[in-house]
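The structure's right below; bear with me while I get my questions together.
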Amino acid sequence: MSTICTSVDFHTAGEPFRIIAEPPVEIPGASVAERRELAVPGSEVDDLRRLLCFEPRGHADMYGGFITEPDDDGADFGVLFWHKDGFSTACGHGTMALGAWAVSSGIVAVDPSGTTEVTIDVPSGRVRAQVHTDAEGRATSVDFVNVPSRLVASGITVDTSLGQVTVDLAWGGAIYALVDVAALEGDSLSVARDHLGTPDGKVVPENLTALIALGREVKAGLANHPDTVHPEDDRLSGVYGTIFVDRFGTLPGGELHQRNVTVFADGQVDRSPCGSGTAARVAALHATGELGAGQTLVHESIVGTRFRARVLEETADGVIPVVTGSAHRVATSTFEVDPLDDLVPGFVLR
C-alpha cells in the first residue's frame with residue numbers, strides 16, 4: 001500500500017473543499033496562473049487531481065485545491081483550484097475555506113482584533129479572506145474579498161431545447177452566464193412551495209436535473225462568443241458556469257433576496273451560493289441599479305444556505321465585491337493507492 005497525501009476537508013455553505021497542503025508532485029510554473037496553464041492532461045499534477053477528485057476517493061461534484069508558493073511576498077500562499085474537469089481560475093467558497101484553514105492551522109497567526117487577513121494568490125489574481133474569530137480563536141465567518149468584478153454584457157440570446165434563453169455575462173474571477181428562471185419559456189420547471197422556509201421558486205432540488213442540462217446547453221451555446229474573451233489574459237476567457245436565479249425582492253431589513261444554483265465546468269453543481277458567482281452577481285446587480293448603494297445581497301443556495309454580499313468599493317468599470325459566509329472542517333484524510341487496484345485514478349459516474 002502506498003500513501004499518496006493527506007488532505008484537510010472543509011465545507012463552505014455545504015460545498016466541499018479538499019485542501020492538499022503538501023502536494024506530493026512537482027507543480028511547475030513561476031506564478032499560480034502559469035501553474036494552471038501547465039497543469040495539462042498527462043501531467044503529474046493533473047493525475048493527482050483526478051485521483052483525489054474521481055470516485056471512489058471523490059465524486060462528480062468534488063472540489064479542492066493544491067497549496068503552492070505565492071506569486072511574491074505580498075501573499076501568504078497560492079492555490080491551484082481543481083474540480084472534476086480540470087483547474088479553475090477562481091473559487092470564492094474555496095477562498096473562505098482556505099482562510100479558516102490558515103487560521104486554524106496556525107499558518108497565519110490570529111489577529112487579537114478578531115479579524116485576521118489571509119492573502120491568497122489564485123489564477124485570476126490576488127484575493128483576501130478576512131477571517132472573523134471568537135475569543136478562542138475559532139473562525140466564525142469569513143469575508144471573501146474578490147478581484148475587481150464587472151458586468152460584461154447583457155441581453156445575449158442562446159438557442160436551447162427550451163427555446164431562446166436570455167443571459168447576462170458577468171466577471172467575478174471567472175465569466176458566468178446569468179439566467180433569470182422566471183423568464184424561461186414553458187412549464188419545464190416546476191414551482192416548489194415553501195422550500196426551506198423561502199418563497200416559491202424554480203431553483204429547487206426538484207428541478208436540478210433539468211437545470212444541469214440547461215446549464216450545459218447555455219455554456220455550449222456561448223462557446224467562442226466574442227463577449228466571453230477576457231480583454232487582458234486569454235487564459236481567463238470562456239464561460240465557466242451558468243447561474244440560474246430566482247428573484248424574491250427585499251427582506252424586512254432591506255436586503256435584496258435571491259436564490260441561485262451555479263452549474264459550472266461540465267455539469268458540476270455548487271451546493272453553496274457560489275462565492276465567485278455571487279461576486280459576479282453583485283457586479284451585475286450594481287451595474288443595473290438593482291442592488292442599491294450600501295445594500296446587501298442575501299444570496300441563497302439550492303440547499304438553503306446563504307452568503308451575504310455587498311459592494312466594498314467601486315472601480316472604473318465595476319466593483320470590488322465582498323462575500324461573507326462560513327467554512328467548517330469536516331475531515332482529515334490520508335489517501336492511499338493499492339498497487340493491485342485497477343481503478344486508479346478512478347472514474348466519474350455522471
Side-chain angles (χ1 to χ4, degrees), residues 9-18 53 55 58-64 81 83-84 88 90-97 100 139-142 144 172 174 176-182 184 189-216 240-249 251 255-282 296-309 323-331 348-350:
D9 287 17
F10 277 72
H11 85 84
T12 305
E15 178 71 359
F17 193 76
R18 177 164 287 168
C53 195
E55 298 179 52
H59 50 79
D61 296 294
M62 178 54 71
Y63 211 108
F81 295 124
H83 49 74
K84 75 174 176 63
S88 56
C91 181
H93 91 271
T95 299
M96 294 182 203
T140 56
S141 64
V142 185
F144 162 51
Y176 290 92
L178 312 177
V179 178
D180 187 341
V181 293
L184 295 177
L189 301 177
S190 62
V191 176
R193 304 284 176 179
D194 194 29
H195 172 65
L196 298 173
T198 61
D200 302 344
K202 295 182 177 181
V203 178
V204 290
E206 295 90 329
N207 291 329
L208 185 58
T209 299
L211 290 171
I212 291 172
L214 185 57
R216 283 172 158 159
Y240 177 54
T242 304
I243 301 178
F244 295 101
V245 179
D246 274 322
R247 285 181 163 92
F248 296 138
L251 294 168
E255 304 97 330
L256 191 64
H257 182 200
Q258 300 188 352
R259 183 164 67 229
N260 89 98
V261 65
T262 301
V263 180
F264 64 95
D266 182 18
Q268 194 159 338
V269 177
D270 198 326
R271 274 76 172 150
S272 82
C274 186
S276 57
T278 297
R281 187 75 183 145
V282 165
T296 294
L297 168 66
V298 174
H299 217 203
E300 186 173 324
S301 75
I302 196 167
V303 300
T305 55
R306 291 180 171 186
F307 289 158
R308 296 177 65 86
V323 182
T324 302
S326 61
H328 304 278
R329 185 169 177 159
V330 296
V348 179
L349 190 62
R350 188 169 76 209

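Below, all heavy atoms of this structure are taken into account, side chains as well, without hydrogens, waters or symmetry copies. In this text, all values refer to a predicted model and were calculated from it rather than measured experimentally.
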Side chain proximity check, Y176 to C274, heavy atoms < 4.5 angstrom: yes
Between S272 and H93: side-chain donor-acceptor atoms closer than 3.5 Å: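 There is no such pair between these side chains.
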OG on S301 to CZ on F307, rounded to 0.5 Å: 8.0 Å
Member of R247, Q258, K202 meeting the side-chain hydrogen bond (donor to acceptor under 3.5 Å, both in side chains) criterion with D180: R247
Within-4.5 Å side-chain heavy-atom neighbours: T140 and S326: no
Qualifying residue, where the test is salt bridge (charged side-chain N to carboxylate O under 4.0 Å, His left out) with E300 and the options are R308, R281, R259, R271: R259
Polar side-chain atom of D9 near backbone of A331 as donor-acceptor pair, under 3.5 Å: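 Side chain of D9 to backbone of A331, a donor-acceptor pair under 3.5 Å: no, none is there.
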Gap between atom CG of N260 and atom OG1 of T242 - 0.5 Å precision: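 These two atoms lie 11.5 Å from each other.
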R306 and H257, any side-chain heavy atoms less than 4.5 Å apart: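 Counting from C-beta outward, H257 and R306 do come under 4.5 Å.
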Geometric class of the H11/H328 ring pair [parallel <30°, tilted 30-60°, perpendicular >60°]: tilted
Nearest-0.5 Å distance that lies between atom NE2 in H83 and atom CG in D61: 11.5 Å
Y63 and S88 side chains, donor-acceptor separation under 3.5 Å: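 Yes, side-chain donor-acceptor contact under 3.5 Å.
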Ring-ring centroid check F10 F17, cutoff 6.0 Å: no
